[in-house]
Amino acid sequence: MRRRYLLALYVLAGCASPANKALLPTPSVTPPPVVAPAPAPQPVTPPVVSGDQVFDAWAAEFYGRAAKAGVSRAVLDRELKGLTPDPRVGNLDSRQPEFSKPISEYLKGVVTGGRVSMGQQRRSEAYFDRIEQRYGVPREILMGVWALESGYGAIQGDYDVIRSLATLAAQGRRRSWAEGELIAVLKIIESGEHARSRLRGSWAGAMGQTQFIPTTFASTAVDHDGDGKRDIWASPADALASAANLLSKAGWVRGQSWAREVTVPDGFDWSLTEGPRETPAWWVERGVRRADGLPWTDADLSAKAQLVAPTGAQGPVFLLFPNHFAIRKYNNSIAYALGVGLLADRIGGQSDLVKPWPAETPLSLADRMTAQRALAALGFDPGQPDGVVGMGTRTALRNWQKARGLVADGYLSPEMVQRLKSEAQAASAAS
């Protein structure tokens with residue numbers, strides 16, 4: 001009877017209205033803990049108060065970007081404290097020479113008797129054997145880089161790399177690049193590999209005997225002497241092995257030439273310069289021959305080369321092999337790569353060029369921009385008129401020369417400037 005009574009109570013409880021259910025006993029429930037709201041993020045205030053509004057505004061933004069990129073607050077506070085822009089860097093970055101130095105004059109200043117003699121004296125350094133074996137880059141090429149970058153280590157630059165890069169970033173012309181390099185420098189310091197006092201270099205942030213920018217140092221520098229640090233400032237072995245590693249990564253081919261001086265026949269189609277990359281056999285079919293009269297090596301015969309005439313049809317002509325373009329990964333300038341290679345040849349005992357460099361007349365900035373504007377007006381687009389005679393300008397000039405029945409070597413001489421200017425003025429008057 002008691003069991004039937006209790007069962008009736010459970011049934012009534014299950015059918016009870018919500019109001020009645022509230023009267024029934026309920027299990028105890030622990031309330032959830034009270035979570036305090038997260039503190040509001042503190043504003044990031046960089047320790048830079050230089051008095052230069054543009055610089056300080058940039059620093060305030062950069063501080064947060066650097067922290068997000070993984071640079072610690074402690075390093076940012078310490079290294080940016082009291083930082084000011086370097087006016088020398090700003091002036092150098094914005095300066096464009098009124099007159100461009102002709103490539104022949106540049107190369108005469110690079111391949112000097114003093115540099116050749118110094119290179120020949122140092123080519124027997126013991127560390128070169130291991131570097132050549134490991135990376136496949138000849139010591140003469142490395143000495144060409146060494147000589148051009150720092151005068152065999154004598155002129156490395158004494159700018160504070162952090163201050164230089166911060167100045168370039170704040171100016172804005174190369175902000176993204178400069179900030180990336182600045183973050184790389186801060187990470188080098190944070191890693192403990194080098195203190196800021198060691199990180200000295202050029203006004204543009206290149207460092208050491210082989211003038212590596214910070215990101216290249218981080219990715220490519222090596223510790224060749226085994227002392228536990230990649231020291232491209234005080235260790236020639238580390239600096240040169242790092243340069244060899246860069247060239248190896250850029251595609252250096254063991255045993256292949258970097259370039260060969262060649263001759264071309266009368267009536268040669270000069271519009272082929274800076275054009276196709278073909279094997280020496282292809283060029284031989286068009287009358288191209290080695291200037292020294294020697295046969296092509298097997299390694300060179302298997303490569304594809306590009307013909308260039310840096311000073312036009314009146315100067316020496318070269319076939320450029322893939323190793324030339326590997327050098328240009330170091331510095332993307334045909335003049336620089338020619339300087340490294342020609343100096344290397346002389347250090348290695350090769351004779352001077354068969355065809356000498358012609359006398360060249362420097363062109364003013366106004367002349368170069370006049371030529372570019374004239375080419376554009378005549379329908380041969382050289383790109384943005386900026387006074388820099390690069391690939392775009394040379395290609396447009398070759399096309400114009402070929403269309404006018406001229407020697408299409410792409411060489412901008414004072415005579416070409418005057419012809420372009422006169423034709424553009426006549427076309428404008430006629431229209």
Side-chain angles (χ1 to χ4, degrees), residues 97-112 115 144 148 257-276 283 286-292 305-321 324-325 327-328 331-346 350-365 367-372 375 382 387-402 404 406-420:
E98 173 60 25
F99 286 91
S100 64
K101 191 172 190 177
I103 191 171
S104 61
E105 292 303 312
Y106 168 80
L107 291 170
K108 289 173 186 175
V110 164
V111 187
T112 64
R115 280 180 168 167
L148 266 66
S257 299
W258 69 275
R260 291 290 181 189
E261 185 187 3
V262 295
T263 61
V264 299
D266 293 339
F268 181 72
D269 182 2
W270 287 97
S271 68
L272 292 173
T273 56
E274 289 190 281
W283 289 106
R286 285 148 185 80
V288 177
R289 300 287 186 274
R290 279 183 58 156
D292 58 12
Q306 184 183 63
L307 191 83
V308 295
T311 52
Q314 302 306 312
V317 183
F318 302 90
L319 275 184
L320 304 179
F321 289 91
H324 166 91
F325 298 97
I327 298 172
R328 282 169 67 169
N331 182 325
N332 191 22
S333 159
I334 187 172
Y336 175 86
L338 284 172
V340 168
L342 292 173
L343 181 57
D345 287 350
R346 292 288 305 281
Q350 293 187 35
S351 57
D352 206 351
L353 295 173
V354 172
K355 190 170 187 177
W357 295 107
E360 294 185 272
T361 302
L363 293 175
S364 70
L365 177 61
D367 282 340
R368 301 192 304 270
M369 294 187 71
T370 294
Q372 290 172 327
L375 283 167
V388 177
V389 182
M391 184 66 174
T393 300
R394 294 192 298 271
T395 299
L397 179 58
R398 268 191 291 272
N399 292 336
W400 173 80
Q401 289 171 325
K402 192 168 186 176
R404 302 302 184 265
L406 304 172
V407 173
D409 56 7
Y411 180 64
L412 187 62
S413 64
E415 179 190 1
M416 289 298 107
V417 173
Q418 190 55 48
R419 277 177 175 256
L420 284 165

Closest non-hydrogen atom pair, [X] against [Y]:
X	Y	answer
L343	G144	CD2-CA, 4.1 Å
Y336	Y106	CA-OH, 3.8 Å
V417	A371	CG2-CB, 4.3 Å
L353	P316	CD1-CG, 4.0 Å
A309	V317	CB-CG2, 4.4 Å
D269	S271	OD1-OG, 2.6 Å

Quick one: [atom1] on [X] to [atom2] on [Y], what's the gap to the nearest 0.5 Å?
X	Y	atom1	atom2	answer
L338	L320	CG	CG	6.5 Å
N399	K402	CG	NZ	8.5 Å
D367	M416	CG	CE	13.5 Å
I103	I334	CD1	CD1	5.5 Å
L412	T393	CG	OG1	8.0 Å
E261	D292	CD	CG	8.0 Å

Test log, rule side chain to side chain contact (heavy atoms under 4.5 Å, CB included), inputs R368 and L365: CA-CA 5 Å; R368 301 192 304 270; L365 177 61; 3.5 Å; yes
All ring pair (Phe, Tyr, Trp, His ring centres under 6.0 Å) counterparts of F268, not counting sequence neighbours: W270
Can you check whether [X] reaches [Y] side chain to side chain, under 4.5 Å on heavy atoms?
X	Y	result
R346	D352	yes
P102	T361	no
Q372	M369	yes
M391	E274	yes
W283	V262	no
L420	T370	no

Side chain to side chain contact (heavy atoms under 4.5 Å, CB included) between Y411 and T273, intermediate numbers included: CA-CA 11 Å; Y411 180 64; T273 56; over 6 Å; no
Aromatic ring pairing W258/H324, orientation class (parallel under 30°, perpendicular over 60°, tilted between): parallel
Step-by-step side chain to side chain contact (heavy atoms under 4.5 Å, CB included) determination, V111 to D345: CA-CA 10 Å; V111 187; D345 287 350; over 6 Å; no
Partner set under salt bridge (Lys or Arg N to Asp or Glu O under 4.0 Å) for R404, not counting sequence neighbours: E423
Side chain E360, main chain S104, donor-acceptor under 3.5 Å: yes
Donor-acceptor contact below 3.5 Å, side chain Q306 vs main chain G275: yes
From CA spacing to verdict: side chain to side chain contact (heavy atoms under 4.5 Å, CB included), R115, V110: CA-CA 8 Å; R115 280 180 168 167; V110 164; 4.0 Å; yes
CZ/R419: more than 12 non-hydrogen atoms of other groups inside 6.0 Å: no
